[in-house]
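Below is one structure, written out as C-alpha cells, with a few remarks after it.
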Amino acid sequence: MATPLSDPSQSPLQTIAVVGLGTMGTGIAEVLAKAGRTVVGIDVSETQAAKCVAALEASTARGVERGRLTEQERAGILGRVRTSADLRTAADADLVIEVAPESYEIKHQIFRELDGIVRPETILATGTNALSVTRLAADSSRPERVLGLHFFNPAPAMRLVEVVSSVLTAPAAVTAVTDLALDLGKEPVAVGDRPGFVADGLLFGYLNQAAAMYEAKYASREDIDAAMRLGCGLPMGPLALLDLIGVDTARTVLEAMYASSRDRLHAPAPILKQLSEAGLTGRKSGRGFYTYEAPGSPVVVRDALTPLEGGDLVSGREIRSVGVAGSGTMASGIAEVFAKGGYEVVIAARTAEKAQAAKARIGKSLARSVDKGRMTAEAAAETLDRITATGTYDDFADVDLAVEAVAEDLEIKRQLFAALDKVCKAGAILATTTSSLPVVACARATSRPQDVIGMHFFNPAPAMKLVEVVRTVLTADDVHATVREVCGRIRKHPVDCGDRAGFIVNALLFPYLNNAIKMVEEHYASLDDIDAAMKLGGGYPMGPFELLDVVGLDVSLAIEKVLHREFRDPGLAPAPLLEHLVAAGCLGRKTGRGFREYAKR
C-alpha cells in the first residue's frame, strides 16, 4: 500500500467539487476539508446547501468540544468550504465527485454539463453504487478521465473507498484518486465496473435474502435481526440495515445487480417494491420494516408487529436435569452452559474415557474463566460438580431434557434418537443441535415426535449468546415454550424458526460466502480486497475468506450443498473453487491451508 501524503499541497487534486449535498455529499465535503482541500459544494437546492453548512458547523463544533480540533483548525476547515447552486462553480476544480440521487438520467445530465465547464484534465468521479460507470464514461467527451469513487456512509467514519475503473479509464486518473483516498486516511480498494462493486455487491444479496425470509413469514423481523447480530457478530441486523440504507435505495441497487447478473438471489424481494411504492422507505420516512419515533429518527417504537411482552402464553415443563450426548467441543461447551445455569448435567459419550475427557475440557474452560476474573474458584468447582460423565446413554433415564451434539450425519443422529426414545422417561424433551439436517427426520425416529425440537447452539457455546429454536410441524407448544424458558435461564437469546435448511443464520450467511468465492473465481477482486471491503465497508468482524477458513471449507461446502438441495436455486450451487479446494484437502486453518496458508502449530 502507498504511504499517505504528508503534505496535501503535493497532491495534484487541490480544489475538489462535490455535486449533491445530501448526507453522503456533506460527509465527503467534511473529510476533504479536514484534509486541507478547497471544497466547492454544489446542490440545486439552496436549502440543502444551507443544511450542509449547518451540519459542518455542528460536526466541527463537536470536534472542538471533544478536544479533536482547535478553534483555529475548525475555522480553517469551515473556511475551505463554500457552497453554490450553480454547477459552473466547478470550473476550477481538479476533481469533481458527483453524489446526486441514484438516477442515470440525473447523473448523465450532470456529467454532460460538466463536460462543457471543467478543464480537460479534470477528473470526474461518480459516487454511484448501482449504476454503470462505463455507461456514464462513454457519454462523456473525455471518457478516460471518468471513474467511480464510492465512499461509505457515514463518510467521516467509514474507512473504505472503492475506486472503480471502467475499460476506458486512464491509469493516471486511478492513481491520482487512490493517492487522494490514502491522504484522506481511507483504505482504497481497486475494483472493476459492475453493479454493487465488492461491498454492496455482497451485502445487498444478503439483505435481499433476509427480506425474502421475512416476507415468507419464516421468522419475525426481530428474530432475523437478532440472529445475524448475535450469530455473526454484525453491528446491525439486515432488516434494520435496510431501513437505515433506505428500502427504495436497496431496491434500486438490486434491480441493477439483477439486470447484470440475472441471478435470482439479486431479484428484489417483492416486499421491497411494496414498501417503496407505499412510501415506507425506512428511517427517513419514519417507517419501513420497523416503525420509528419520527422521520429520520433512529428510535424504534412499538407497532402492530412488535412481539407482546411476557413471552409465551403456554406453560412449559419443569426442567431440573439435562443430558448432553457427545464428547466433542460443542458437546462439552453445551454441558458447561447448562451446568453454569444451575442444571444437573449428565454428559454421555460412546466410552467413559471420552466422557471424562469432555468433562476435563470443561474443567479447563472453567479454570480460564476463574483466571480472567469471570467467576470465583468456588463457583467453578460447584459448576463442575454438577456434571456427571458417563459412557452409557442409560444414565439419561431421569433427565428432563436430552440434547444431542454428535456428528452432523443424519443416520447417526436418527440412531441416537431411537436409542434416546427407549431410554428417556415419558415427558422428557429430546433436542438436536443440528445446523443443517431436518429436525423432523430425528423426530420421526422416535415414538414421540411431539417432544422433539431443534436447539442450534453456536460455537463456542459458552460465549455465543444465540440459540436457534427450531420447531417442526409436529413439535408440541409446551415443548417450544419450555425450550425458550430454558434459554432464558442459561442466558441465551432464543430466536424461533421453522425446520428448513440453514435455519436463519446459515441460510443467510453461506450464500453471501459463496458469492464472495464467485467474485474471486471471476477475477473481479482479490481475497484481501474482498475481506478488507467487508470489514471496512460492512462492519463485519471478519472478511468472508477469513471466516471460511475458520469454519472449515469442508463444513462450508456441506452446508452449501444442503441449501442448494433444499431450495433448488441455481444461485446457491457451491462455487467450483470451493469444491476444488476441499477435494485437494485444503480445508482451512485446521489443515494449514484453505484460501490462505497458515503457519503450522
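Applying the ring pair (Phe, Tyr, Trp, His ring centres under 6.0 Å) test to every pair with at least one member in residues 287-306, sequence neighbours left out, gives these pairs: Y214-F289. Here ring pair (Phe, Tyr, Trp, His ring centres under 6.0 Å) pairs that include residues 71-127, with residues two or more places apart or in two chains, are Y104-H108.
Judged by distance alone, the side chain of D94 and the main-chain N or O of Q14 form a donor-acceptor pair under 3.5 Å. In this structure, T26 contributes its side chain and L21 its backbone to a donor-acceptor pair below 3.5 Å. Listed for the Y524 side chain is a donor-acceptor partner under 3.5 Å among the backbone atoms of G192. Checking side-chain atoms of S59 against main-chain N and O of A55 turns up no donor-acceptor pair under 3.5 Å. In this structure a side-chain-to-backbone donor-acceptor pair under 3.5 Å is missing from R491 to K465. Remark: side-chain polar atoms of T169 are not paired, donor with acceptor, to backbone N or O of E144 under 3.5 angstrom.
Of all heavy-atom pairs between L87 and V19, the closest is CD1-CG2, 3.8 Å.
Using a cut-off of 4.0 Å between Lys/Arg side-chain N and Asp/Glu carboxylate O, K107 and E102 are scored as salt-bridged. In this structure, K284 pairs ionically with D248, as a charged nitrogen and a carboxylate oxygen lie closer than 4.0 Å.
Using a 4.5 Å heavy-atom cutoff, the side chains of V133 and T126 are in contact.
A cation-pi arrangement is present between R262 and Y258, with the terminal nitrogen or guanidinium carbon under 6.0 Å from the aromatic centre and inside a 45° cone about the axis.
With sequence neighbours excluded, no residue forms a ring-ring contact (aromatic ring centres under 6.0 Å, His included) with Y206.
Taking a 6.0 Å sphere around NZ of K51, one finds it holds 12 or fewer heavy atoms contributed by other residues, nucleotides or ligands.
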